[in-house]
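Quick caveat: nothing in here was measured; it's all calculated off a predicted structure. Values reported hereafter were calculated over all heavy atoms of this structure, with side chains retained and with hydrogens, waters and symmetry mates removed.
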Amino acid sequence: MAVLARDGRASYTDLAERVGLSVSAVHQRVRRLEQRGLITGYRATLDAKQLGLPLTAFVSISPADVAQSDEAPTLLAHLAAIEECHAVAGVESYILKVRVASPDALEALLKEIRAAANVTTRTTVVLSTSYEARPPI
């Protein structure tokens, strides 16, 4: 599973060579992992900078009114600049990973987030990334 997690495009033949099993055994194991829900999908990893989105930030959000219902993920789902939304323990309710083209675009996104979900924000801009999207294995 670790080999496949690092290279989701590997062929069954390549996987079989790397793990020392037959192609049919690898095919069966991968199919079982998919059926059990351990493999939830395959996707391409895109280069955000080349897509014109060089600025990454983490936006912590908290409800402006603690009495309001907690629907922030639903209310923000339409914003394509939000790459990830994590419910967290602590002062904030959620941490959002966002990617935008510029500081001006980040400012506009923050206004949109506040208006859409009635939340306060605290933002951390990423200066550089050593690694991300590593498989958990």
Side-chain angles (χ1 to χ4, degrees):
M1 186 165 42
V3 174
L4 187 58
R6 284 190 297 275
D7 182 6
R9 291 183 53 135
S11 68
Y12 290 129
T13 302
D14 188 36
L15 290 172
E17 289 173 4
R18 291 189 203 177
V19 299
L21 295 171
S22 70
V23 174
S24 63
V26 167
H27 189 307
Q28 288 175 345
R29 287 183 184 201
V30 169
R31 187 175 36 217
R32 279 197 304 263
L33 291 169
E34 291 170 343
Q35 290 170 343
R36 290 177 42 207
L38 274 99
I39 296 175
T40 59
Y42 302 88
R43 66 185 183 110
T45 303
L46 306 175
D47 186 317
K49 288 179 184 172
Q50 290 193 40
L51 290 170
L53 304 170
L55 196 155
T56 301
F58 290 95
V59 180
S60 301
I61 62 172
S62 301
D65 176 6
V66 292
Q68 78 185 31
S69 63
D70 184 9
E71 298 178 25
T74 303
L75 296 170
L76 299 173
H78 70 282
L79 298 173
I82 300 174
E83 188 173 292
E84 299 174 7
C85 176
H86 304 275
V88 295
V91 176
E92 287 90 8
S93 299
Y94 296 93
I95 295 178
L96 313 172
K97 180 179 178 182
V98 304
R99 294 191 193 264
V100 293
S102 67
D104 288 341
L106 178 58
E107 184 176 11
L109 176 64
L110 292 173
K111 287 178 184 177
E112 199 168 357
I113 288 170
R114 289 184 201 116
N118 191 29
V119 294
T120 61
T121 61
R122 186 175 58 85
T123 304
T124 303
V125 173
V126 175
L127 299 177
S128 67
T129 301
S130 299
Y131 48 83
E132 67 180 343
R134 295 181 354 173
I137 302 165

What are the two closest heavy atoms between [X] and [Y], and how far apart are they?
{"X": "C85", "Y": "L96", "result": "SG-CD2, 3.6 Å"}
{"X": "E92", "Y": "I61", "result": "CB-O, 3.5 Å"}
{"X": "T123", "Y": "A57", "result": "CG2-CB, 4.0 Å"}
{"X": "V100", "Y": "A105", "result": "CB-CB, 3.9 Å"}
{"X": "V119", "Y": "P63", "result": "CG1-CA, 4.1 Å"}

Pairing residues for [X] by the side chain to side chain contact (heavy atoms under 4.5 Å, CB included) criterion, not counting sequence neighbours:
{"X": "R36", "value": "L33, L38"}
{"X": "S11", "value": "T13, D14"}
{"X": "A108", "value": "none"}

Pair E132, K97 - check side-chain contact (heavy atoms from CB on, under 4.5 Å), show working. CA-CA 12 Å; E132 67 180 343; K97 180 179 178 182; 2.5 Å; yes

For S128, what residues pass the side-chain hydrogen bond (donor to acceptor under 3.5 Å, both in side chains) criterion, not counting sequence neighbours? none

Rounded to the nearest 0.5 Å, what's the gap from [atom1] on [X] to [atom2] on [Y]? Could you check?
{"X": "R122", "Y": "F58", "atom1": "CZ", "atom2": "CZ", "result": "12.0 Å"}
{"X": "L127", "Y": "L55", "atom1": "CG", "atom2": "CG", "result": "9.5 Å"}
{"X": "L4", "Y": "R18", "atom1": "CG", "atom2": "CZ", "result": "9.5 Å"}
{"X": "I82", "Y": "L109", "atom1": "CD1", "atom2": "CG", "result": "6.0 Å"}
{"X": "S22", "Y": "H27", "atom1": "OG", "atom2": "NE2", "result": "11.5 Å"}

Do the side chains of [X] and [Y] join up, straight or via other hydrophobic residues, at under 4.5 Å, putting them in one cluster?
{"X": "L21", "Y": "Y12", "result": "yes"}
{"X": "V19", "Y": "V30", "result": "yes"}
{"X": "V23", "Y": "I39", "result": "yes"}
{"X": "I113", "Y": "V125", "result": "yes"}

Using distance only, find each side-chain donor-acceptor pair of residues 67-80 under 3.5 Å and give its atom names and separation, not counting sequence neighbours.
from : atom 1 : to   : atom 2 : distance (Å)
Q68  : OE1    : N118 : ND2    : 2.7
Q68  : NE2    : A117 : O      : 3.3
Q68  : NE2    : N118 : O      : 3.3
S69  : OG     : E71  : OE2    : 2.9
D70  : OD1    : Y94  : OH     : 3.1
D70  : OD2    : Y94  : OH     : 2.8
H78  : ND1    : L75  : O      : 3.2

I'd like to know whether CZ of R29 has more than 12 heavy-atom contacts from other residues, nucleotides or ligands below 6.0 angstrom. no

Is there a side-chain contact (heavy atoms from CB on, under 4.5 Å) between T56 and T129 once you walk through the steps? CA-CA 9 Å; T56 301; T129 301; 5.7 Å; no

Atom pairs and distances, side-chain donor-acceptor, residues 41-50, under 3.5 Å, sequence neighbours left out:
from : atom 1 : to  : atom 2 : distance (Å)
Y42  : OH     : E34 : OE2    : 2.7
D47  : OD1    : K49 : N      : 2.9
D47  : OD1    : Q50 : N      : 3.1

